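What follows is a set of notes on a single structure, which appears directly below.
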There are 2 protein chains.
Amino acid sequence: MNTKLIPPQATVKRLSIYLRFLNSLGKDIKMVSSQELAKKLALNPAQVRKDLAYFGDFGKRGVGYSVKKLKEQINKILGLHKTRNVGIVGIGRLGMALACYPGFEKKNFKVCALFDKVPKALSPKIGEATEILDITHLPKVVKDKDIEILILTVPVEAIKEISDMVMTSGVKAVLNFAPFKLLSTEDVHVHNVDLSTELEFLSYSLNLKDSPKEDPAEELYGIPTQLL
Amino acid sequence: MNTKLIPPQATVKRLSIYLRFLNSLGKDIKMVSSQELAKKLALNPAQVRKDLAYFGDFGKRGVGYSVKKLKEQINKILGLHKTRNVGIVGIGRLGMALACYPGFEKKNFKVCALFDKVPKALSPKIGEATEILDITHLPKVVKDKDIEILILTVPVEAIKEISDMVMTSGVKAVLNFAPFKLLSTEDVHVHNVDLSTELEFLSYSLNLKDSPKEDPAEELYGIPTQLL
DNA sequence: AAAACTATGTGATATTATTCACAACAAATC
DNA sequence: GATTTGTTGTGAATAATATCACATAGTTTT
């Protein structure tokens with residue numbers, strides 16, 4: 001087994017993609033090859049094999065990988081067999097959309113508290129949460145309900161005042177959707193998702209196609225036409 | 001100037017982060033150094049300089065970068081000076097949240113059509129859209145309204161039937177939020193954002209921390225305890 | 001049971017991305 | 001105007017990641 005190296009971050013993210021693909025397969029499909037996985041996910045077959053080999057010899061030569069076994073293994077590697085308690089901070093449209101997202105429950109993420117500046121009762125309840133709690137209660141609730149992950153969907157103006165409370169609350173991980181790069185600390189692992197950044201990347205790609213070097217000014221920027 | 005190399009994808013994504021940071025600075029801050037940018041964004045100063053140098057010599061030695069000039073340049077590089085027409089497909093909670101997201105307008109992304117299985121009038125209008133259009137009208141509307149980017153926020157069950165229509169509609173780029181890896185083609189550049197994957201990556205990190213490192217060798221191997 | 005096929009696991013190699021280290025330059029101070 | 005301080009831009013070194021290529025092993029066919 002290939003245990004001499006620690007798995008790259010990129011590998012871990014792909015595991016999640018593999019799992020999703022495996023879950024989408026019909027029940028009659030028992031085996032899958034690196035070839036197939038690679039083709040459906042626009043990856044290199046060797047990369048798929050290497051990714052999986054970081055965690056064990058899951059495949060059978062000449063045959064492929066057992067779908068059932070692979071799903072189990074990836075679930076285990078990603079820690080999806082354990083339930084994680086999740087809180088959501090900032091219940092605007094996006095926060096509410098995430099709170100109601102059925103995919104979380106399926107993956108063992110339990111939404112068990114919602115926080116906002118404006119508290120409010122909820123009926124019906126969302127996940128385990130029967131009300132939107134005042135944000136000042138966050139530190140206590142995180143401890144009481146054993147919340148490991150907080151999802152931040154507050155407006156960017158609020159992030160500064162809220163981030164202190166969040167980072168010192170005892171939570172272990174934060175998924176931040178506010179358009180502000182929140183930094184990880186020793187104790188809290190932060191992952192930032194920026195919706196604008198994603199669109200801006202697309203805009204860059206479009207911009208490349210738009211200007212096929214007609215404009216000499218554009219040349220200055222060394223914009224690569226071949227990138228996409 | 002460093003125009004001999006094409007800028008890495010990673011560089012382009014960071015430009016967006018730089019821009020966001022620059023926009024958050026007070027009006028009185030005229031200059032900024034790679035040191036400062038790096039510190040606030042948890043990056044290496046050399047990386048910041050190199051990223052910027054791919055596109056031109058924007059800085060002044062001994063001084064730093066002009067905030068105003070840098071903002072202008074990044075806006076131009078990312079193509080944010082041009083307005084892009086955007087359509088959103090699947091107006092559930094997430095689709096609606098994105099449709100109403102004020103950040104898009106600020107970056108020159110104009111939401112000009114919403115599509116769903118269930119059409120509906122809208123008042124007040126959202127962006128440029130006065131109604132939710134029946135999804136069957138998508139190909140025509142994309143052409144008529146000159147939509148360059150489609151954002152997909154349909155449920156995963158619908159993605160297969162909808163993706164064909166989307167990919168052949170003449171749109172140039174797609175931002176897909178459905179938990180399914182949609183592949184780019186020659187004509188359409190697809191970017192996938194998966195909310196579950198983000199959470200699952202955090203789960204993996206928590207899982208590593210959970211397993212106490214009894215054996216010092218474990219630290220080297222980076223393998224979750226339960227797999228050994 | 002040998003040959004032909006198929007698919008994994010992985011060492012070697014190639015590619016991409018990051019960081020170091022320093023020359024080149026700008027401004028401030030003596 | 002020489003010296004000190006600060007900061008960029010970039011070649012070189014390093015690190016991370018991806019791909020190639022093939023030995024190894026399971027399966028099927030003859």
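As the structure is a computational prediction, the values presented were derived from the model and not from experiment. Protein chains get the first letters and strands the later ones, always in sequence-line order, with residue 1 at the start of each.
- N85(A) places no side-chain N or O within 3.5 Å of a backbone atom of V142(A) that could act as its donor or acceptor partner.
- The local environment of CD in Q35(A) is sparse, with at most 12 non-hydrogen atoms from other residues, nucleotides or ligands closer than 6.0 Å.
- Contact between the side-chain N/O atoms of S34(A) and the OP1/OP2 oxygens of dT8(C) is found at a separation under 4.0 Å.
- As a whole-Å value, the separation of Q35(B) CD from dG9(D) P is 15 Å.
- Residue I6(B) contributes atom CD1, which lies 7 Å from atom P of dT16(C) at whole-angstrom precision.
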When you check every protein heavy atom under 4.0 Å of nucleotides 25-30 of chain D, what one-letter string (B, S, -) results, 5' to 3'?
BSS---

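- Residue K143(B) qualifies as enclosed at atom NZ: its count of foreign heavy atoms under 6.0 Å is above 12.
- Of the possible donor and acceptor atoms, one in the side chain of S203(B) sits under 3.5 Å from a partner among the backbone N and O of L78(A).
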Heavy atoms under 4.0 Å is the rule here; annotate nucleotides 14-22 of chain D 5' to 3' with B where the base is hit, S where only the sugar-phosphate is, and - elsewhere.
---SSBBB-

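- The side chain of Y54(B) contributes no N or O atom lying less than 4.0 Å from OP1 or OP2 of dT18(C).
- Rounded to an integer number of Å, the gap from L52(A) CG to dG9(C) P is 8 Å.
- Between L138(B) and F115(B), the closest heavy-atom pair is CA-CE2, 3.6 Å.
- Between E36(A) atom CD and dA7(C) atom P there is a gap of 8 Å when expressed in whole angstrom units.
- To the nearest angstrom, P of dA17(C) lies 13 Å from CG of L15(B).
- The separation between F58(B) atom CZ and dT7(D) atom C1' is 17 Å, rounded to whole Å.
- Residue-environment remark: NZ (K71(A)) exceeds the threshold of 12 foreign heavy atoms within 6.0 Å.
- Nearest heavy-atom pair across L150(B) and S169(B) is CD1-OG, 4.1 Å.
- The distance between atom CG of L41(B) and atom P of dT19(C), rounded to the nearest whole Å, is 13 Å.
- Among the candidates L152(B), N192(B), V156(B), the single residue satisfying the side chain to side chain contact (heavy atoms under 4.5 Å, CB included) test with F180(B) is V156(B).
- Listed here is the closest heavy atom pair of S34(B) and P45(B): CB-O, 3.7 Å.
- Counting to the nearest Å, the C1' atom of dG9(C) and the CG atom of L70(A) are 15 Å from each other.
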